[in-house]
Amino acid sequence: MDLRALGHSPEEFERELLSNLYYQRGTTIESASRRDVYEALAVTVRDRLAARRARTAAAHYQANPRWVYYLSAEYMLGRQLWQNLLYTGTEDLARSVRADFDEIAELDVEPGLGNGGLGRLAACLLDSLATLDVPAVGYGIRYDLGIFRQTFVDGAQVELPDDWAFEGNPWEFRAPDDREVVGFYGTVFPTDGPTRRRRWEPAETVLGEPSHMLVPGYGTATVNIVRLWRARAARGSFDLTRFARGEYADAVQEVVRSENISKVLYPDDSTESGRELRLKQQYFLVSCSLRDIIRRFRLRNSDWGVFADKTTIQLNDTHPVLAIPELIRILVDEYELDWDRAWDITRRTFGYTCHTLLPEALETWPVAMLGRLLPRHLEIIYAINEDFLRELEQRYPGDADRVRHMSLIQEEPERRIRMAHLAVVGAHAVNGVAELHSRLLAETTLRDFAELWPAKFHNVTNGITPRRFLRIANPSLSDLITEALGSESWLTDLEQLKGLEPFADDPGFRERWRQIKRHNKTRLGTDPDALTDVIIKRFHEYKRQMLKLLHVITMYQRIRDGVTQPPRTVVFSGKAAPGYWAAKEVIRLINAVAGVVNADPLVAPYLTVLFPPDYNVTLAELIIPAADLSEQISLAGKEASGTGNMKLTLNGALTIGTLDGANIEIRDRVGAENFFLFGLDAAQAAELQHGNYQPRGYYERDAELHGAIDAIATGAFSRGDTGAFAGLLATLLGRDDYLTLADYRSYVDTQDLVNKAWLDPDEWSRMSVLNTARSGFFSADRTVTEYCQRIWHTDPVSVP
Ligand code: 26Q
């Protein structure tokens, strides 16, 4: 039953809005501030989804379906207002509310509860799950402070706190009744039960208080939720004895300590591992979410025998892998199931997605730390390992090396838990995120496991939501596509973009296509005539922003030498982890080079270098539609998949890229003739890295490379200070771990082909149309469909 079936006429919408303004903000449309209107508008739009949410909950309760639970430490949801206006069909109504609508919409804050690709993937998958009517809940942490805000001071990155909900968050519903209690530390006692049953008495408890945001599907009544946990001190944490003694600050110490757990998102940083607070966050997420999942299971079911039939839990990387020992603990210690039964249920419940190949990025935790914080979980991990190692010894008698490599415990130089091994052993399915990545996982990083259990290993190539990254980000192009295809159904069936292929040969269509790019460049504030060349992603050495920068310097030097080129705007954007020195030095150098290049009147007609700070989903939505050239230049074999590459292709950018991650699948689909390929492949890169790689040799033999590096070294971008970037150059010439110098010549020569292609606008537009037309595969709807078929074995439930 709809308690409030909200009307859809303009009059009804306006009445709702005015009512919300009046009763929630205490004002009228004439005297309301922009914030008043924003808040009232958000609530008006949100309420339109509430009725759908109620219907969804009722239909799901009725169906008692198999649920998909997505556990992720990160969600990069992006702004909610535009999305919810689109999904409720109220865009035009909202626009007519007041003349300053655009300024009002700017007040919508993006919750930056993630670092980059992994968090944005989680958000795209939730969008597609709802769109495909799959009963699903996303679980995460409601960090008070999201990913830091980036500013530049003298070109260097400076981090500021992201207090994203400072003004409140109108999209969020609190659910204090569903609070959970989470234990830490303490003591494990024996019991009279079976050998492996224990009683854990935590020494510290913290409350997890949930709130949720709505996750509407597009073109369907389904509205799922993402449930985010926030840590609160348990009642009685306030120390009255100390308060009475006048020690006011000390009296709240315990409260502060508890609430710190959800205070801040950790920036992805390979050097900063082993922080106890991070481990606490992970267990906090896992413990609250599992209790919630079990509570929901028991609303409709009483037999543990069907738990794994009604529940599938997907682990987004190793961050939530403690869910495996936690489920066993709950089943064995609390619900008194036998170990073997609990283990069987657990294994059938979990799937694990791996997002990396870099061995140094595989998470491990010191045994000593985990044993102190979660003594019972350490025992359970030991017990799992004991059974697992016994299985291995039977299977590979005498092969002690193999057993040691596969153990859940690493012994040297310090005893640590290998979270990826725990995930592979405790899950029924393991997947990589692009074909190459899944193959390399099975051949290298997790080879021994893939040999033992080949059927466990899958590939599910990542995808992106076309609703946000085409329809919302690029309305002009969406309108043209809809006009050409004759309907909007491509938005939920992206392979229909194939129907644009014939238009690639239509000069009139190509002209309109070009005009839209120009319009989007103007919207971004860049030269509409210049080739817009974008590299927008987290800063990491393997992603090789430095290679792009060497090309920028080479272009600069050629122009200075009188060799001109078609006008180009190079756009860098992205954040570096605060403790990642090499990545931050690259940022500082880019800003230094931009300063010199942009100030040189001789160069200005041909080259501009921009670095807008604080890259996030909102900025991505502005840059991507304006891009002509997508830079996907990671060293082959290092980028698991990439998803920015897909967003740019979908918006008609041509890619210059290596044979890495999903680039390979993009090239296969758009056609090699519509893709600028360069560089070593993964096998060649591995061979060079394992041989005797001498980066200095490339520098000595290539005059242009020599010139670019010398310009940095002699202070051309640092007012003559020759030491300013000495450390960075020493790394580049000494180790060059990601073979930047080895790929330089191939990259620069391929960029020359890009320039040549750009000189023929009609041919460029033809290729651009074909890139969009052939990118349907990269819809997250396809990704979710594959997860459902191969891993989750779930069916949709339609909502009336
Ligand atoms: C680890 C330890 C301590 C603190 C933070 C972290 C941490 C946080 C985030 C480690 C890794 C991440 C995020 C990784 C990530 O975004 N990986 C990307 O995932 C995308 C989605 O599958 C892929 O497309 C990218 O290729 C991959 O780099």
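Numbering of residues begins at 1 and proceeds along the displayed sequence. Counting starts at 1 for both ligands and their atoms, following the listed order.
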Checklist entry - Non-hydrogen atoms of His319 versus ligand 1: any pair closer than 4.0 Å? => result yes

Item to check | Residue portion contacting ligand 1 (non-hydrogen atoms closer than 4.0 Å) for Arg278 | outcome: side chain

Checklist entry - Is the closest heavy atom of Gly661 to ligand 1 under 4.0 Å? => result no

Next on the checklist: Please classify the Asp317 to ligand 1 contact at 4.0 Å (heavy-atom distances, strictly less than): side chain, backbone, both or neither.
Outcome noted: neither

Next on the checklist: Measuring from non-hydrogen atoms of Arg120 to any atom of ligand 1, is the shortest distance under 4.0 Å?
Outcome noted: no

Item to check | With sequence neighbours excluded, residues passing side-chain contact (heavy atoms from CB on, under 4.5 Å) with Thr445 | outcome: Leu357, Leu362, Leu441

Checklist entry - In a check of side-chain hydrogen bond (donor to acceptor under 3.5 Å, both in side chains) between Glu665 and each of Asn462, Asn645, Thr461, which one passes? => result Thr461

Checklist entry - Counting only heavy atoms, which portion of Glu74 has something under 4.0 Å from ligand 1: side chain, backbone, both, or neither? => result side chain

Item to check | Side chain His428, main chain Phe350, donor-acceptor under 3.5 Å | outcome: yes

Item to check | Flag if over 12 foreign heavy atoms under 6.0 Å of CD, Glu414 | outcome: yes

Next on the checklist: Please enumerate all residues that pass ring-ring contact (aromatic ring centres under 6.0 Å, His included) together with Tyr787, with sequence neighbours excluded.
Outcome noted: Trp792

Checklist entry - So which of Thr461, Asp268, Asp660 gets nearest to atom 11 (C) of ligand 1, if we judge by its closest heavy atom? => result Asp268

